[in-house]
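FYI, side chains are in, hydrogens and waters are out, and symmetry mates aren't considered; it's all heavy atoms of this structure. In what follows, chains are A, B, ... by sequence order, proteins preceding strands, each numbered from 1.
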2 protein chains.
Amino acid sequence: MNTLEYSAEVLKAIAQPTRLRIIELLRDGEHCVCEIFPAIGHEQSNTSRHLQVMLKSGILMQRKEGLKIFYSLRHPEVLEILRLAELVASREATERSALFNRKPV
Amino acid sequence: MNTLEYSAEVLKAIAQPTRLRIIELLRDGEHCVCEIFPAIGHEQSNTSRHLQVMLKSGILMQRKEGLKIFYSLRHPEVLEILRLAELVASREATERSALFNRKPV
DNA sequence: AGTTTATATGAATACACTTGAATACAGCGC
DNA sequence: GCGCTGTATTCAAGTGTATTCATATAAACT
């Protein structure tokens, strides 16, 4: 896999609403699955799958402690990517609403 | 669509190898479809579809000039996102190869 | 009018993703 | 050993995506 495909893989691991929620949750440090899935309002199985996707793409790491498994972010750049995406998205949103609300010619 | 879903939409528009290639092509300014699809080695129709995806997500803009349509990047942040993704990807790549090459315990 | 050129779109195919329910697995305590 | 708890995985259904081929559109030119 070349760098381009690898980059796409990393971005794809981030580019999903449920996973974005998880990443935001992990912003303040590690959390176990038992904390994550109620917080994001999804089934445990679904949450676990999203965590596996991010783990395999390399943006998360895990630490086992007894029965629980704690996940955390591995690269601070992921938070920066999220910040920039939100910036672009919010700019888009305001421009589109301005376009929608402006008087017809 | 809330900000989180919008952010995911923006990231999804970037998170694809062919589209990453197009974005890198547009780094130095606008290009028409007729320049883009030979450069990336895909069908014209396929290229057009990827451009539509990025146009609708808001990360590209278009300018018509006669028969040609020129596409360009609308947000410099997209290049920054790409840079960070490549950084994470390359770090992953080196760590994985190190893991792969190290002696077994 | 018709022709050519550049781009977009419809239709079909194949593949990947998301989800909840059910099930399997793994570590702990009894 | 057994049951309990936290995670992962399998299954099935529904949805979305990437691609190609063929066709449609739209602008320029004769």
Base, sugar-phosphate, or nothing for B/Thr18, non-hydrogen atoms under 4.0 angstrom?
sugar-phosphate
CD1 of B/Ile69 versus P of C/dA6: gap in Å, rounded?
12 Å
Of the candidate nucleotides C/dT7, D/dT7, C/dA8, which contains the atom at the shortest distance from the side chain of A/Cys32?
D/dT7
Compare side-chain N and O positions of A/Gln62 against OP1 and OP2 of D/dA8 and report whether any pair is under 4.0 Å apart.
yes
Distance, nearest 0.5 Å, that separates CD1 of A/Ile23 from CG of A/Leu82
6.5 Å
Distance below 4.0 Å between B/Gln44 side-chain N/O and C/dT7 OP1 or OP2
no
Quick one: on DNA chain C, does A/Glu9 or A/Glu43 contact a more 5' nucleotide (nearest heavy atom)?
A/Glu9
Side chain of B/Gln16 only, please: which of D/dT19, D/dT9, C/dT7 is the nearest?
D/dT19
Side-chain N,O (B/Asn46) to OP1/OP2 (D/dA18) below 4.0 Å
no
Would A/Glu35 and A/Lys68 count as a salt bridge (Lys or Arg N to Asp or Glu O under 4.0 Å) here? Give the steps.
CA-CA 10 Å; A/Glu35 291 166 341; A/Lys68 297 184 180 179; 5.8 Å; no
Atom CZ of B/Phe37 and atom C1' of D/dT19 are separated, to the nearest Å, by 15 Å
It should be established whether A/Ser48 places a side-chain nitrogen or oxygen under 4.0 Å from OP1 or OP2 of nucleotide D/dA8.
yes
Apply the side-chain contact (heavy atoms from CB on, under 4.5 Å) test between A/Met54 and each candidate in A/Val78, A/Ile22, A/Val10; give the one that qualifies.
A/Ile22
Between CD1 of B/Ile36 and C1' of C/dA6 the distance, given in whole Å, is 12 Å
Output yes when at least one side-chain N/O atom of B/His50 is less than 4.0 Å from OP1 or OP2 of D/dT19, else no.
yes
Please state how far atom NE2 in A/His31 lies from atom P in D/dG6, giving the value in whole angstrom units.
17 Å
Go through A/Arg83 and A/Glu80 one step at a time and tell me if the salt bridge (Lys or Arg N to Asp or Glu O under 4.0 Å) criterion holds.
CA-CA 5 Å; A/Arg83 192 185 67 79; A/Glu80 182 66 5; 2.9 Å; yes
Could you check which of C/dA21, C/dA8, D/dT7 has an atom nearest any side-chain atom of A/Arg49?
C/dA21
Interatomic distance, B/Arg21 CZ vs D/dA18 C1' [rounded to whole Å]:
17 Å
Considering just the side-chain nitrogens and oxygens of A/Tyr71, establish if one lies under 4.0 Å of OP1 or OP2 belonging to D/dG6.
no
To the nearest Å, give me how far apart CG (A/Leu60) and P (D/dA8) are.
11 Å
Taking the side chain as C-beta and beyond, is there a heavy-atom pair between A/Thr3 and A/Ser7 under 4.5 Å?
yes
Of A/Leu67 and A/Ser45, whose closest DNA chain D nucleotide lies nearer the 5' terminus?
A/Leu67
From NE2 of A/His42 over to P of C/dC17, roughly how many Å is that when rounded to an integer?
17 Å
From NZ of B/Lys64 across to P of D/dA26 the rounded distance in Å is 9 Å
